[in-house]
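Since the structure comes first, as structure tokens, the remarks are kept for the end.
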Amino acid sequence: MYYIKNERNGEEIYDPSWNLAAEYYLLEQLKLDEPILFFYINGPSIIVGKNQNTRAEVNREYCEEHGIKIVRRKSGGGAVYHDYGNICFCFITEDDGNSFRRFKKFTDPVIEALHKMGVDGAELQGRNDLMINGKKFSGNAMYSKNGRMTAHGTLMFDVDLDVTTKALRPKKEKLASKGIKSVRKRVTNIKPYLPEENQDMTIHEFRSTLIKNIFDVKSVEEAKQYVLSDEDWEGIKKYHDEFTGNDDWNFGKNPDYQLIKEARTPAGQVEFQFDISNEKISDLKIYGDFFGLGEISDVEQALIGLPYTEEALLEAFKNMDVNHYFGATTAEELAHIIK
């Protein structure tokens, strides 16, 4: 496995729009003979899931006032807050057809590394969360493209949790499904759980220790590395300009809709925003924190023009692979949302 630093000309990059662009370039364009591990630290930012409504998930006014960047990623899942106390990790490998949504396969090396550092209570719980004592310190998501996949996640080492609660607008349904009443009550940092002798560890020292534990080496320099070239950075710039650095991608076109229906499903939160004309669906956007392999725009196009009835939607969903687009849910569960 190769370790890749997010550096250009020896300078570390903290801009989330460039770091995410680098991640997608590594996934879609850079073909190495072994899997890749990419670690990076973002400045204050909100990273929203591919299928989420940015305006509904983020307190944009607060973010603008406090210089918090908003960037959309290509994977599903929910919105997360990053700052200089958070580490992003990304495993990139060939898609063997059996690993998508198998978060344990990719989080186990991180958990084992944390255990070696004395964080004994770290474990994977639920669909994609890493927890300590019932509190979340890491959210994870996946993205697949052209036979390759990335499994990426966050590690909240020393994040400003107060900012997290102000910058995000979590849906009440999502919090209720987890049995808690606020973001602040369900998240934690890793640092308090480190042994006393490591309480002064910086974020960069923490990252270096993780790398040494994962690669089983005594220094980061001993880990097998690939250095990004100027040509690589030109390729990264294309992803930045088209996606992560582009407001049309990050915010999308979110017009007002006449009808909004949403529910929590086994696959995650699903929200339908409909325009209804003459009892038929004239326009539609689908949002949510589900993990799908397919493009949700294909589902939207398939539903436009149908009668706005549960029966019509049920028939449409039965004629498509809903697991491919939404994850672990059924046609019946999706159609029932409009009731």
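This chain uses plain numbering: 1 for the first residue, then up along the sequence. Keep in mind that this is a model prediction, so the values were computed, not measured.
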Taking [atom1] in [X] as the centre, count heavy atoms belonging to other residues, nucleotides or ligands within less than 6.0 Å. Is the count above 12?
X: Glu196; atom1: CD; result: no
X: Lys237; atom1: NZ; result: no
X: Asp120; atom1: CG; result: yes
X: Glu65; atom1: CD; result: yes
X: Asn319; atom1: CG; result: yes
X: Gln199; atom1: CD; result: yes
X: Glu34; atom1: CD; result: yes

Any side-chain donor paired with an acceptor under 3.5 Å for [X] and [Y]?
X: His152; Y: Ser75; answer: yes
X: Asp275; Y: Ser282; answer: no
X: Glu123; Y: Gln125; answer: yes
X: Thr330; Y: Glu333; answer: yes
X: Thr54; Y: Arg72; answer: yes

Quick check: do [X] and [Y] have side-chain heavy atoms less than 4.5 Å from each other?
X: Ile92; Y: Leu32; answer: no
X: Lys224; Y: Tyr3; answer: no
X: Tyr81; Y: Thr154; answer: no
X: Pro44; Y: His82; answer: no
X: Ile41; Y: Phe157; answer: no
X: Asn198; Y: Phe206; answer: no

Tell me, with the steps shown, if Thr150 and Met142 meet side-chain contact (heavy atoms from CB on, under 4.5 Å). CA-CA 6 Å; Thr150 176; Met142 290 186 179; over 6 Å; no
Just how far is it from atom [atom1] of [X] to atom [atom2] of [Y], taken to the nearest 0.5 Å?
X: Leu26; Y: Tyr2; atom1: CG; atom2: OH; result: 13.0 Å
X: Ile236; Y: Leu20; atom1: CD1; atom2: CG; result: 11.5 Å
X: Tyr308; Y: Leu306; atom1: OH; atom2: CG; result: 12.5 Å
X: Ile47; Y: Glu57; atom1: CD1; atom2: CD; result: 13.5 Å
X: Asn51; Y: Gln269; atom1: CG; atom2: CD; result: 12.5 Å
X: Ile281; Y: Ile304; atom1: CD1; atom2: CD1; result: 8.0 Å

Please determine if [X] and [Y] form a salt bridge, counting it only when a charged side-chain N lies under 4.0 Å from a carboxylate O.
X: Arg60; Y: Glu64; answer: yes
X: Asp95; Y: Arg148; answer: no
X: Glu332; Y: Lys318; answer: yes
X: Arg102; Y: Asp96; answer: no

Go through Gln225 and Phe215 one step at a time and tell me if the side-chain contact (heavy atoms from CB on, under 4.5 Å) criterion holds. CA-CA 11 Å; Gln225 294 190 33; Phe215 282 87; over 6 Å; no
Are [X] and [Y] grouped together when hydrophobic residues (ILVMFWY) are joined by side-chain heavy atoms under 4.5 angstrom apart?
X: Ile190; Y: Met131; answer: no
X: Leu228; Y: Val220; answer: no
X: Phe317; Y: Phe274; answer: yes
X: Val217; Y: Ile36; answer: no
X: Leu27; Y: Phe103; answer: no

Exam field: side chain [X] to backbone [Y], donor-acceptor pair closer than 3.5 Å:
X: Ser17; Y: Asp15; answer: no
X: Asn323; Y: Thr329; answer: yes
X: Asn189; Y: Lys191; answer: no

Under the side-chain hydrogen bond (donor to acceptor under 3.5 Å, both in side chains) rule, what do Asp232 and Tyr25 come out as? Steps first, then yes or no, please. CA-CA 8 Å; Asp232 289 324; Tyr25 170 81; 2.6 Å; yes
Which atoms form the tightest heavy-atom contact between [X] and [Y], and what is the distance?
X: Gln52; Y: Ala79; result: OE1-N, 2.9 Å
X: Ile4; Y: Tyr226; result: CG1-O, 3.6 Å
X: Pro195; Y: Met117; result: CD-O, 3.1 Å
X: Gly153; Y: Asn140; result: CA-OD1, 3.4 Å
X: Phe89; Y: Phe91; result: CD1-CE1, 3.8 Å
X: Ala21; Y: Thr244; result: CB-OG1, 3.5 Å

Determine, stepwise, if the pair Val71 / Ile46 fulfils side-chain contact (heavy atoms from CB on, under 4.5 Å). CA-CA 6 Å; Val71 181; Ile46 297 290; over 6 Å; no
Within 45° of the ring axis of Tyr62 and under 6.0 Å from its six-membered ring centre, is that where the NZ or CZ of Lys166 lies?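 Output no; distance or angle outside limits.
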Over-ring placement of Arg207 relative to Tyr40, 6.0 Å and 45° cut-offs: no
Apply side-chain hydrogen bond (donor to acceptor under 3.5 Å, both in side chains) to residues Glu271 and Gln273 and explain how you reach the verdict. CA-CA 7 Å; Glu271 176 182 302; Gln273 295 191 2; 2.5 Å; yes
For the pair Tyr84 and Asn42, evaluate side-chain hydrogen bond (donor to acceptor under 3.5 Å, both in side chains) and give the outcome as yes or no after the intermediate values. CA-CA 6 Å; Tyr84 296 111; Asn42 285 330; over 6 Å; no
Sort out for me which residue in Tyr239, Phe243, Tyr143 forms a ring pair (Phe, Tyr, Trp, His ring centres under 6.0 Å) with Tyr24.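 Exactly one candidate clears the test, Tyr143.
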Run Met201 and Thr209 through side-chain contact (heavy atoms from CB on, under 4.5 Å) and show every step you take. CA-CA 10 Å; Met201 181 180 282; Thr209 304; 3.9 Å; yes
